[in-house]
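Chain letters run A, B, ... following the sequence lines, proteins first and then strands; every chain starts at 1. For the numbers below, each heavy atom of this structure counts, side chains included, while hydrogens, waters and symmetry mates do not. Keep in mind the model is a prediction, meaning the values are calculated, not measured.
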Number of protein chains: 2
Amino acid sequence: MDLDAVRTFVAVADAGQFQDAATALSITQQAVSKRIAVLEKDLQVRLFNRTARGAHLTIDGQTFLPHARELLRVEARADASVRPGRRALRVDVHSRRIAPAVLLQDFHRAHPRIELDVVTLDADVHAAMAAVEAGAVDATFHAVPVPARHLPDGIRTARVIDEHHELLVGPRHALANARVVTPGQLAAHRIWMPGMALGTEWADYYDELAAAFGLTIDLVGPVFGNEALLAEIADSAQLATLAGERTRYLWPDSYDLRRIPVRHPAPIYPMSLIWRDDNPHPALAALRDHLDSRRVRAPDAEVWLPTWVS
Amino acid sequence: MDLDAVRTFVAVADAGQFQDAATALSITQQAVSKRIAVLEKDLQVRLFNRTARGAHLTIDGQTFLPHARELLRVEARADASVRPGRRALRVDVHSRRIAPAVLLQDFHRAHPRIELDVVTLDADVHAAMAAVEAGAVDATFHAVPVPARHLPDGIRTARVIDEHHELLVGPRHALANARVVTPGQLAAHRIWMPGMALGTEWADYYDELAAAFGLTIDLVGPVFGNEALLAEIADSAQLATLAGERTRYLWPDSYDLRRIPVRHPAPIYPMSLIWRDDNPHPALAALRDHLDSRRVRAPDAEVWLPTWVS
DNA sequence: TACTTTCACAACAATCGGTTGTGGCTCGCC
DNA sequence: GGCGAGCCACAACCGATTGTTGTGAAAGTA
């Protein structure tokens with residue numbers, strides 16, 4: 001099926017005659033006639049009744065018309081999804097479960113008309129930044145463990161998310177009924193975070209956090225996935241894990257997991273939006289405004305930040 | 001945008017390399033290469049990274065892929081909507097508010113996989129029957145005011161709907177609080193049914209009904225549409241109208257309209273399904289089965305039927 | 001009847017889209 | 001490091017497609 005023929009079909013259906021449709025499409029009436037004839041032959045169905053006063057849809061044409069329009073709509077969306085200068089704002093969130101994804105969803109609710117393309121590059125800061133630099137994505141969310149002056153030329157960052165932490169424990173854990181926990185209290189317990197890839201900015205952060213408060217954070221061990229991790233924690237009196245406050249977790253009620261805020265001080269995982277200064281995408285400015293407006297700053301005295309925060 | 005190119009794009013994305021996609025599409029690798037190149041030029045975006053071990057999607061390709069699949073899905077549906085032998089069962093319901101439409105919706109719920117195309121031909125029995133004969137629609141619902149032996153050759157009918165009536169009145173009407181009304185009781189009141197086109201089988205039916213029970217049924221008068229009719233009736237102490245039991249009406253609560261069954265005897269508007277005997281569409285048999293199973297027959301003693309019912 | 005407007009058919013030219021043939025590149029193997 | 005295998009791209013060629021112009025039949029209108 002030829003989309004130009006479909007477009008022509010819709011034009012004729014709208015115009016009511018071949019000649020006007022031809023004018024609208026800047027081709028000759030004969031070309032329109034041919035295209036429709038080919039489409040009809042293709043579908044093995046007559047789409048128009050031709051009269052001396054124009055063409056009107058047959059019952060098959062009426063049936064086909066909404067499908068034809070849908071086809072053109074989908075084509076336009078497909079085109080707009082990638083065409084440079086017109087495509088949706090493409091933002092890398094690193095993982096669809098963590099705060100950036102939640103904030104993007106929030107942004108989408110606030111601006112439903114803005115086309116968004118949420119991707120996960122599965123890359124660390126540096127690779128993601130390279131993707132931004134190359135224009136593969138318009139923006140990415142990451143902790144930026146280097147001072148702004150060391151960033152590549154033309155790359156800009158803004159700290160937009162101060163993510164607090166929660167301890168995730170099962171009902172038999174010693175801290176299961178705590179309303180909040182302090183980092184100091186955690187020193188006595190084992191924190192288990194398998195799959196937190198070594199050498200990434202996340203591992204750096206948790207290393208420094210562990211050192212600062214004398215914590216035992218296990219980053220190694222086989223990674224069976226998130227569902228397995230939750231099941232183990234639900235079942236264990238010793239195991240606990242740390243999660244971002246806005247990280248999305250789902251578990252069965254029977255797990256009876258508790259999310260306990262970590263405070264006094266509250267360790268903060270600072271994430272920045274990273275984008276190219278010369279990116280003219282209008283939705284990018286809207287996203288930055290939105291993130292600014294949703295930013296909540298905790299008083300400095302009550303938080304702990306890694307040393308590399310500029 | 002060329003759908004063959006889109007199809008090729010999806011094939012390559014699935015296969016992971018041009019050669020295999022070419023084999024799957026029964027064309028040469030060079031043709032695949034050309035199609036993808038044209039598509040990329042068209043979209044002004046690179047869709048694949050070519051390596052010596054195949055081709056994998058760029059980020060733009062990843063973004064485009066779901067749109068491409070959607071495009072092909074919609075194309076398939078558009079094609080299936082009209083292609084003879086594969087198209088959806090096309091049924092004329094005369095009006096989307098009356099019992100046939102309700103029953104078709106019921107059928108759709110019972111068989112969600114069967115593709116249905118519900119149309120309104122805006123034609124009387126004879127024109128609708130001609131449409132069935134010509135194959136424009138697979139079936140139509142109508143009262144058939146002629147004996148079966150007078151039907152065109154190859155046309156079959158089955159009485160599938162015995163529609164009861166309700167009186168529709170406003171709260172100030174004399175019958176507003178009746179639980180049921182008899183046709184005899186209605187003789188004292190004015191029944192208003194504007195828009196019931198003269199010369200159709202509906203008008204014939206209501207003419208005969210009026211004669212049988214001495215009713216005053218107004219079929220004439222300006223037709224301002226259904227909403228206007230309901231508003232007038234809600235407001236009037238005299239006006240009432242008759243409606244099929246399963247006819248769909250919507251009105252604001254403030255109208256406080258009452259639907260009062262007409263019984264003892266219950267006038268019945270008998271509608272048949274009309275189809276071509278040689279129509280092999282499998283969904284047609286399913287529809288007939290369904291209608292048969294839903295058919296409710298009232299005892300003959302309690303109903304009134306027009307004389308032309310065979 | 002003559003005129004206008006509709007769409008379809010025929011002939012021709014340009015373009016498109018396929019094939020075959022070939023070459024450059026990269027990877028893995030010896 | 002050299003070499004073969006496998007991948008994709010480019011070029012030449014050729015038939016099919018798709019547009020154009022010119023023309024004609026049919027039907028409504030003055």
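To the nearest angstrom, C1' of D:dC8 lies 15 Å from CG of B:Leu47. Counting to the nearest Å, the P atom of D:dC7 and the CG atom of B:Asn49 are 17 Å from each other. The separation between B:Gln19 atom CD and D:dA9 atom P is 12 Å, rounded to whole Å. Between B:Lys34 atom NZ and C:dT15 atom C1' there is a gap of 11 Å when expressed in whole angstrom units. One atom, CZ of B:Arg46, and another, P of D:dC8, lie 12 Å apart when rounded to the nearest Å. In this entry the distance linking NE2 of B:His56 with P of D:dC7 reads 16 Å, nearest Å. Whole-Å rounding puts the A:Asp2 CG to D:dA16 P distance at 19 Å. As a whole-Å value, the separation of A:Leu39 CG from D:dT17 P is 15 Å.
Contact annotation: A:Ser33 side-chain N/O to C:dA8 OP1/OP2 distance is under 4.0 Å. Dashed line: the shortest gap from a side-chain N or O of A:Arg35 to OP1 or OP2 of D:dT17 is not under 4.0 Å.
If A:Ile27 and A:Thr51 are placed on DNA chain D by their nearest nucleotide, the residue sitting closer to the 5' end is A:Ile27. Nearer to the 5' terminus of DNA chain C, by closest-nucleotide assignment, is the contact made by A:Arg50 (compared with the other of B:Thr28 and A:Arg50). Each of A:Ala52 and A:Ser26 lies near DNA chain D, and the nucleotide nearest A:Ser26 is the one positioned closer to the 5' end.
In this structure, B:Arg90 and A:Gln62 have side chains that are not in contact, with every pair of non-hydrogen atoms separated by 4.5 Å or more. For the pair A:Phe9 and A:Ile36, the minimum side-chain heavy-atom distance is below 4.5 Å. Contact of the A:Met129 side chain with the A:Ile155 side chain is registered, since non-hydrogen atoms from C-beta on lie closer than 4.5 Å.
For C:dG18, its base never sits under 3.5 Å from the side chain of B:Gln30 at any donor and acceptor pair.
Comparing D:dC8, D:dG28, C:dA8 by their closest approach to the side chain of A:Arg53 singles out D:dG28. Candidate nucleotides D:dG19, D:dC8, C:dG18 were compared by shortest atom distance to the side chain of B:Ala55, and D:dC8 ranks first. Among the nucleotides C:dG18, C:dC7, D:dT18, the one closest to any side-chain atom of A:Gln29 is C:dC7.
A parallel orientation is assigned to the rings of B:Tyr269 and B:Tyr206, their planes being inclined by less than 30° (bins at 30° and 60°).
There is a side-chain donor-acceptor pair under 3.5 Å between A:Arg35 and A:Thr8.
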